[in-house]
Amino acid sequence: MVRFAAGDVAAFDELYEHYEAPIYSFCLRFLSDADSAADAFQEIFMRVIDSRDSYQPRERFRSWVFTVARRVCVDRVRERAHEPLESARGIREGRSSYEEIDDRDEVERVLSVLAPEHREILLLHRYYGFSYGEIGEMVGATEAAVKQKTYRALLSLRNGRRPTP
Amino acid sequence: MTGRERIDCDAMSEVLLEQVLAGATDELNDEVRAHVSECARCQAEYDGLRQAYELLPPSSPAHPPALLRQRVRSYARESAETGVSTQTTMGLVRSKWRLATVGAGLAIAATLAIVMAKPDITPVGELAAMAPVFEAIDVSTGTVRSFGEFKGQTVLLNFWATWCIPCESEMASMERLYRRYRDDGLVVVAVSVDRESRHKVLQWAEQHGMTFPVFQDASGEVEQLYRTVGVPESFVIDRTGAIVMRISGPRVWDDPVHSALVRDVLNAKTPGS
């Protein structure tokens with residue numbers, strides 16, 4: 001990021017290559033909607049680009065970018081709660097890329113039964129390897145609270161299980 | 001468990017959770033295993049956590065569509081080239097509810113209108129409709145012209161009106177975009193939906209320094225043809241005549257995102273090229 005802030009676009013390309021799939025997967029699994037995920041993904045990286053001059057190197061980039069991702073996704077969930085379904089369209093490449101509704105990522109399908117706050121914690125801990133402490137910093141909670149939520153998330157998953165297709 | 005400290009069941013929940021999430025469902029340490037085997041409550045808890053954990057499928061990365069990748073990279077390049085943080089501009093474009101603070105006076109008024117207009121973008125992609133050809137009055141000459149004149153070119157088709165406040169600032173950005181890419185083949189056509197005489201529309205266009213073709217659709221037929229829902233509304237049309245993007249609401253057309261979008265369409269290869 002420091003190199004990118006100095007004008008080295010290749011440095012951004014390196015970052016992007018490394019985080020493209022994890023961030024996109026996170027958005028898809030958090031939002032359970034490909035259109036919203038695409039919109040959120042673009043927003044996340046544009047915020048990363050816009051913030052290059054203010055990024056603090058002492059902070060781990062990975063934690064930072066996932067914090068940005070989490071905030072954008074949470075905002076999308078809140079927006080969707082206030083919008084009629086037909087107007088909640090995001091930016092898409094083309095309808096053919098998103099007609100694979102029945103072939104959603106398995107993780108996405110399984111986690112979609114959970115409330116957003118449980119979904120994000122399981123995603124961040126189980127799939128992206130963040131510690132409880134790191135997650136606590138991202139979501140503004142204590143480590144103990146995050147552990148509790150993780151525990152409840154797993155139990156919710158078990159209790160809210162959908163039959164497999 | 002002689003000589004060992006008794007494990008508290010409440011503390012066991014946390015231990016079991018850690019072990020299950022680490023995937024170590026079959027590798028409980030001796031102490032934990034011993035407690036679980038003797039405590040029905042903890043056994044049930046452990047079984048429940050294992051069942052839930054086993055519902056979590058393995059992770060496989062998902063990649064975004066290529067167009068998203070192109071846009072992000074284009075935006076990074078544009079930002080790096082301008083050397084200026086575009087956060088303010090992007091706030092104007094992206095934000096639905098936040099007030100952007102771009103400039104003062106007319107820009108601020110236009111910004112408020114833009115924020116309240118709740119802009120929307122719909123790329124049409126592979127199932128793109130072909131842009132309907134129509135005829136309309138060219139306000140500068142008073143003669144009838146056909147949209148078919150622009151066949152084979154990349155066109156930004158914009159529906160607007162002299163009474164539309166957001167259209168006014170958008171038009172300025174369209175003019176800047178046009179000047180940037182007209183030598184690369186970009187065509188901009190602005191269709192006014194005003195019902196008044198063309199002279200009023202022409203006067204407005206001249207006052208605002210528009211150098212691209214301005215048509216007038218006083219009958220509303222072209223609006224119906226394109227099924228517009230209001231003004232401003234824009235269509236990006238590629239060289240094959242396909243509508244590749246439909247944008248409801250105003251845009252800052254020469255900002256990095258939209259500039260990159262238009263450039264991508266200009267540079268896109270068409271069959272046979």
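Chain letters run A, B, ... following the sequence lines, proteins first and then strands; every chain starts at 1. Computation of the quantities below employed the complete heavy-atom set of this structure, encompassing side-chain atoms and omitting hydrogens, waters and symmetry-equivalent molecules.
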**Student:** Pick from A:L122, A:V48, A:D13, A:V9: which one has the most heavy-atom pairs with chain B under 4.5 Å?
**Tutor:** A:D13

**Student:** For A:F4, which atoms come within 4.5 Å of any heavy atom of chain B: side chain, backbone, both, or neither?
**Tutor:** side chain

**Student:** Please walk me through it: do A:Y151 and B:L49 pass side chain to side chain contact (heavy atoms under 4.5 Å, CB included)?
**Tutor:** CA-CA 8 Å; A:Y151 176 74; B:L49 288 172; 3.8 Å; yes

**Student:** Do B:R50 and A:L154 have side chains that get closer than 4.5 Å, going by heavy atoms?
**Tutor:** no

**Student:** For A:S25 versus B:A62, what's the shortest heavy-atom pair and its separation?
**Tutor:** OG-N, 2.8 Å

**Student:** Output the distance between atom NE2 (B:H63) and atom CG (A:L28), rounded to the nearest 0.5 Å.
**Tutor:** 12.0 Å

**Student:** Got B:L68 and A:F45 here, is their nearest side-chain heavy-atom distance under 4.5 Å?
**Tutor:** no

**Student:** Does any part of the side chain of A:Y24, heavy atoms only, come nearer than 4.5 Å to the side chain of B:P65, both counted from C-beta?
**Tutor:** yes

**Student:** Less than 4.0 Å between a side-chain N and a carboxylate O, is that true for B:R73 and A:E20?
**Tutor:** no

**Student:** Answer whether the closest heavy-atom distance between the side chains of B:R69 and A:Q42 falls below 4.5 Å.
**Tutor:** no

**Student:** Considering residues at least two apart in sequence or located in another chain, which fulfil the disulfide (SG to SG under 2.5 Å) criterion with B:C42?
**Tutor:** none

